[in-house]
S.K.: 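If you scroll down you'll find the structure; I have some questions about it.
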Amino acid sequence: MPELPEVETVVRDLRPMLIGKRLAAIRRSKHQLRTKWSNAWEPRLIGSRIDAIRRRGKWILIDLQPQGLFVVHLGMTGQLTVTPCATPLENHVHLVCDLDAGAEQLRFRDIRRFGSATYHDDETAWNSAHAEDLGPEPFDLTALAFRQSLSRTDRCVKAVLLDQSVVAGVGNIYADESLFAARINPHRLGSDLSSGEAELIRRAIVRVLTRAIKYRGSSIRNYVGGSGLKGKFQNEFSVYGRTGEPCRRCQTKIERVRLAGRSTHYCPNCQKV
DNA sequence: ACAGGATCCTGGGGGC
DNA sequence: TGCCCCCAGGATCCTG
């Protein structure tokens, strides 16, 4: 579910509620998340103080004092919120951290359990736990690097945008929305795009993501921000989820195809092959 | 080496 | 109402 704008919204929401708080106690559901929980983490986590909370791609990084990194990925249906302890526990809550000096707790709810929560001694340890390196943030991606990533692959451009090692944080919604904004057909092969077209796409990604963050992300099913509030960008979609509806630019019906294993939405007139 | 498909889960919606 | 099938914002492992 959550792509860069949603994760960024969660992080911004949580920051004022979490910074300086101490993790007092941790409780877990009987289910494992995508990554197996280690009991050895608990003495590290309990008693530590939250120093900072930041986003890297779709990952949420919580820096701890005196040391350590608590890393959360929301997967498809993850919700990371600060909630009053008095609020009854929702179903599918897999992790609860009591926060001292307050009547609130950090809750991780994840219906499909594709998300993960892990502890690492430092950022280096977290980095090395990943097989593939995360690519640059979209806002730091240079025209040259992006052009090269496209030119040396035979995958379609939609697949390239979903590749987290090319650019971190873009998912299915914002890949489709960015390609529409750039007026590039998602079937086009990376190696077939000109540098001018690559630059149109890169700028469209930055523009679309920036706008989506302003709207607090997109809530289609399960996504909520760090305080439980939904996003509003789903009302602004040009193509995602608009199959059969008229293109906002030319009235042509939006089409849906399957690309790179994901449903892909585009306007066949605005985004010609 | 690389591209594509299957897989991990639960729940909602449509068709019958 | 119920059942069955398909679909869903992601990452990773396996195969050809």
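Worth knowing before you read on, the calculation uses all heavy atoms, side chains too, and leaves out hydrogens, waters and symmetry mates.
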S.K.: Name the closest nucleotide to the I111(A) side chain, picking from dA3(B), dG9(C), dG11(B).
M.R.: dG11(B)
S.K.: dG11(B) phosphate, OP1 or OP2: any side-chain N/O from H92(A) under 4.0 angstrom?
M.R.: yes
S.K.: Measure from the side chain of E6(A), starting at C-beta and using heavy atoms only, and say which of dA3(B), dG9(C), dG11(B) lies closest.
M.R.: dG9(C)
S.K.: Report which part of the nucleic acid S219(A) touches: base, sugar-phosphate, or nothing (heavy-atom distance under 4.0 Å, all strands).
M.R.: base
S.K.: Test R34(A) against D110(A) for salt bridge (Lys or Arg N to Asp or Glu O under 4.0 Å), laying out the working first.
M.R.: CA-CA 10 Å; R34(A) 165 166 261 283; D110(A) 188 358; over 6 Å; no
S.K.: Hey, does the side chain of K36(A) reach the backbone of Q32(A) with a donor-acceptor pair shorter than 3.5 angstrom?
M.R.: no
S.K.: Rounded to whole angstroms, how far apart are CG on L33(A) and P on dT12(C)?
M.R.: 15 Å
S.K.: When only distance counts, do a donor and an acceptor, one from the side chain of R112(A) and one from the base of dC9(B), lie under 3.5 Å apart?
M.R.: yes
S.K.: Mind calculating the distance between CD (Q79(A)) and P (dT10(B)) to the nearest angstrom?
M.R.: 16 Å
S.K.: Can you tell me, in whole Å, how much space there is between the P of dG11(B) and that of dA11(C)?
M.R.: 22 Å
S.K.: Atom NZ of K30(A) and atom P of dC9(B): how far apart are they, to the nearest Å?
M.R.: 14 Å
S.K.: Checking all strands, does Y240(A) fall into the base, sugar-phosphate, or nothing category for heavy-atom contacts under 4.0 angstrom?
M.R.: sugar-phosphate
S.K.: Where the side chain of R34(A) is defined as all heavy atoms beyond and including C-beta, which of dT12(C), dA8(C), dG9(C) is the nearest nucleotide?
M.R.: dT12(C)
S.K.: In whole Å, what is the span from the OH atom of Y223(A) to the P atom of dG12(B)?
M.R.: 20 Å
S.K.: If you look at every strand shown and take non-hydrogen atoms under 4.0 Å, does D154(A) touch a base, only sugar-phosphate, or nothing?
M.R.: sugar-phosphate
S.K.: Does S263(A) have a side-chain nitrogen or oxygen under 4.0 Å from the phosphate oxygens OP1 or OP2 of dA8(C)?
M.R.: yes
S.K.: For L74(A) and dA11(C), give me the distance from atom CG to atom P, rounded to whole Å.
M.R.: 10 Å
S.K.: Could you please name the partner base of dC9(B), counting Watson-Crick and G-U wobble pairs only when both distances are under 3.5 Å?
M.R.: none
S.K.: How would you label the contact of G171(A) with the nucleic acid (heavy atoms, under 4.0 Å): base, sugar-phosphate, or nothing?
M.R.: sugar-phosphate
S.K.: Using only side-chain N and O atoms of T153(A), determine if any of them is under 4.0 Å from OP1 or OP2 of dA3(B).
M.R.: yes
S.K.: Distance check needed: dG9(C) C1' versus E236(A) CD, whole Å only.
M.R.: 18 Å
S.K.: Run the salt-bridge test on E236(A) and K214(A) with the 4.0 Å N-O cut-off and return the result as yes or no.
M.R.: no
S.K.: Write down the distance between CG (L259(A)) and P (dG4(B)), rounded to a whole number of angstrom.
M.R.: 9 Å
S.K.: Identify whether any heavy atom of R258(A) sits under 4.0 Å from a base atom; if not, whether one sits that close to sugar-phosphate; answer base, sugar-phosphate or nothing.
M.R.: sugar-phosphate
S.K.: Expressed as a whole number of angstroms, how long is the span from I220(A):CD1 to dG10(C):P?
M.R.: 10 Å
S.K.: Does the side-chain ring of F114(A) sit on the six-membered ring of the dC9(B) base, less than 5.5 Å centre to centre and under 30° in tilt?
M.R.: no
S.K.: Between D13(A) and R216(A), does any side-chain N to carboxylate O distance fall below 4.0 Å?
M.R.: yes
S.K.: Just to confirm, is there a sub-4.0 Å distance from OP1 or OP2 of dG10(C) to any side-chain nitrogen or oxygen of S116(A)?
M.R.: no
S.K.: Verify, without hydrogens or angle tests, whether E104(A) (side chain) and C85(A) (backbone) share a donor-acceptor contact under 3.5 angstrom.
M.R.: no
S.K.: I need the H31(A) NE2 to L95(A) CG distance, nearest 0.5 Å.
M.R.: 13.5 Å
S.K.: Taking the nucleotide of DNA chain B with the closest heavy atom to each, which residue, H31(A) or A159(A), is nearer the 5' end?
M.R.: A159(A)
S.K.: Which base, if any, makes a Watson-Crick or G-U wobble pair with dG9(C), both distances under 3.5 Å?
M.R.: none
S.K.: Does dT10(B) have its OP1 or OP2 closer than 4.0 Å to a side-chain nitrogen or oxygen of R221(A)?
M.R.: no
S.K.: For dG10(C), does either OP1 or OP2 sit under 4.0 Å from a side-chain N or O belonging to R113(A)?
M.R.: no
S.K.: Please state whether the phosphate of dG9(C), meaning OP1 or OP2, lies under 4.0 angstrom from any side-chain nitrogen or oxygen of K58(A).
M.R.: no
S.K.: Does the ring center of H265(A) lie less than 6.0 Å from the ring center of F180(A)?
M.R.: no
S.K.: May I ask you to evaluate whether R155(A) reaches the phosphate of dA3(B), defined as a side-chain N or O under 4.0 Å from OP1 or OP2?
M.R.: yes
S.K.: Just checking H73(A): base, sugar-phosphate only, or nothing, at a heavy-atom cut-off of under 4.0 Å?
M.R.: sugar-phosphate
